[in-house]
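Reading through the structure tokens given below for one structure.
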Amino acid sequence: MFHISDCKKYNRCHRLFALDQVREREPFQSFVRMDETIADLAARKLGITDCFRGERNDDPGLAMEALKTEEWLMRARFEYGGLRVKVPFLHRVNDRFDLYFQFNGMYPRNDDMQFYCGVVWVLEHLHIPLGRYRIIHLNAEYVRKDQLDPEELFIVSDSFYNGHNNPTIRIEDAVKANMRDLTAVLKDMALLNTDNMPEPFRTQKCTGRSRCRYYEECFPHETTVPDNSILNLTGARYRYDMLKEGIETLKEADVSRIEGSRMQYAEIMADRSGGLFADKAALSAWLSDVTFPISFLDFEWECFAVPPYEGMKPYMVLPFEYSLHIMEKDGTLRHRVFLSVHDDRREMAESLVKDIPDHGTVIAYNADGAEKLRIQELAERCPDLHDRLLSINERMKDLQMPFTSGLVYDVRMSGIWTLKKIMSLMGERGYQDLDIHQGMEAVFEWRHLDQEEEDIDREEIARHLREYCGMDSYAMTVIFQWLRSLAE
Ligand code: SF4
């Protein structure tokens, strides 16, 4: 018995599908918190008070039986031709059933047609008369007040949305246009296993939206490529072709077949210059308006699909920690850290404006994509601190910029620009000594505190979180000093 997720894997890569059939997988930990049962909230929006509720591993005969008597069916399981589907909502209207898909994001697009078509294919083959096709999704404009309001939290639409978030093709029309008979595919899937699966073959599907979990296994030779391998040329479409032709290193890159970005230029020049490239003039210009005391700032935050606190929208983030290293002109450092559980945005904003000097440059890593946004959100939350908070943003520079703009490159970075990677070149003890090694691990640890789990050592988790976030802001001080030394 297959699910639509199996069909998607099969479509992406037959080998991936075959491996997934036999391999144990780590339990999935979502990047986004879904504390509320969104389906139950959606049911309230749809006015459902009484219904048939499907469960995992249900005999599909149960749902077929419920069709005879129930007005609403929720999460009902149906099967046909070896494919099992979970149907979010079916509503009897006269002698037909309106079909409601559920989308846990804000703008459902017609890019997951395999899922929608698979559900309809099963229902049609079971001769269930379908009426209207709709989708219930989160409302991007909803702002939570004291209580959650499912009526406002959701939108019911009969259309998908385009890239500008405007309604576009009707769901029913899109499904009908994309419908394919799945009989042959399901038969082929049943015959495929790890003995007859295809050999690895690299395509966009191996590294596309997310890197395939079997990538290292399929292409083991790539996990040990030298730092200056042509495969580390950032964004180079023809790097595999060049490698096949015997061009192995960055310095040998065929410049007529690269995109010519500043990052690529820095990478090639670094290899040609013995491993390090620094555009001293541009770096000096970047450093010229940095003034002391310098505040190195880093936030950690959680993301919630359903807003848990007043003033939050769907998928809005909740900052729970910041670390601040303040560097004086003589190089001395002071460290401040704020860590909270639950909603302490007010306390965080007050603490930040108290801790951070009211003059001097503020430095963050990926400032535009993270720290500036967190401060903007805190400013909107705390109108009385609005101006003081936004003045921090006005003084903020992005430490990532010298790397992403190709002002500096060390081949040992092997095409990676994270704080952790760059810090590893500095010869200092760094992230390897910590219990938390990356941002999402910090979030997963914080969840233990926020969800008030029993049998956890709260002090120890808090210590690990302080150490991790503290290392991020400390790493920035080390990298900043390195850039200064390069500019000299
Ligand atoms: S790495 Fe590529 S070839 Fe290997 S299983 Fe994944 S998608 Fe298939």
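Read the numbers this way: they start at 1 and go in the same order the structure lists the ligands and their atoms.
- Between Arg374 and Glu377 a salt bridge is recorded (basic side-chain N to carboxylate O distance below 4.0 Å).
- Here Asp20 pairs with Arg213 in a salt bridge; the nearest charged N to carboxylate O distance falls below 4.0 Å.
- Applying the 6.0 Å contact sphere to NZ of Lys86 captures no more than 12 heavy atoms from other residues, nucleotides or ligands.
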Task: Verdict with reasoning, Arg77 to Asp58, per salt bridge (Lys or Arg N to Asp or Glu O under 4.0 Å) - done: CA-CA 7 Å; Arg77 270 62 171 186; Asp58 264 357; 5.7 Å; no
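- Checked against the 6.0 Å centroid criterion, the rings of Phe2 and Phe17 qualify as a close aromatic pair.
- Distances from atom 4 (Fe) of ligand 1 under 2.8 Å pick out these protein N/O/S atoms: Cys218 SG.
- Here Tyr468 and Trp446 keep their ring centres 6.0 angstrom or further from each other.
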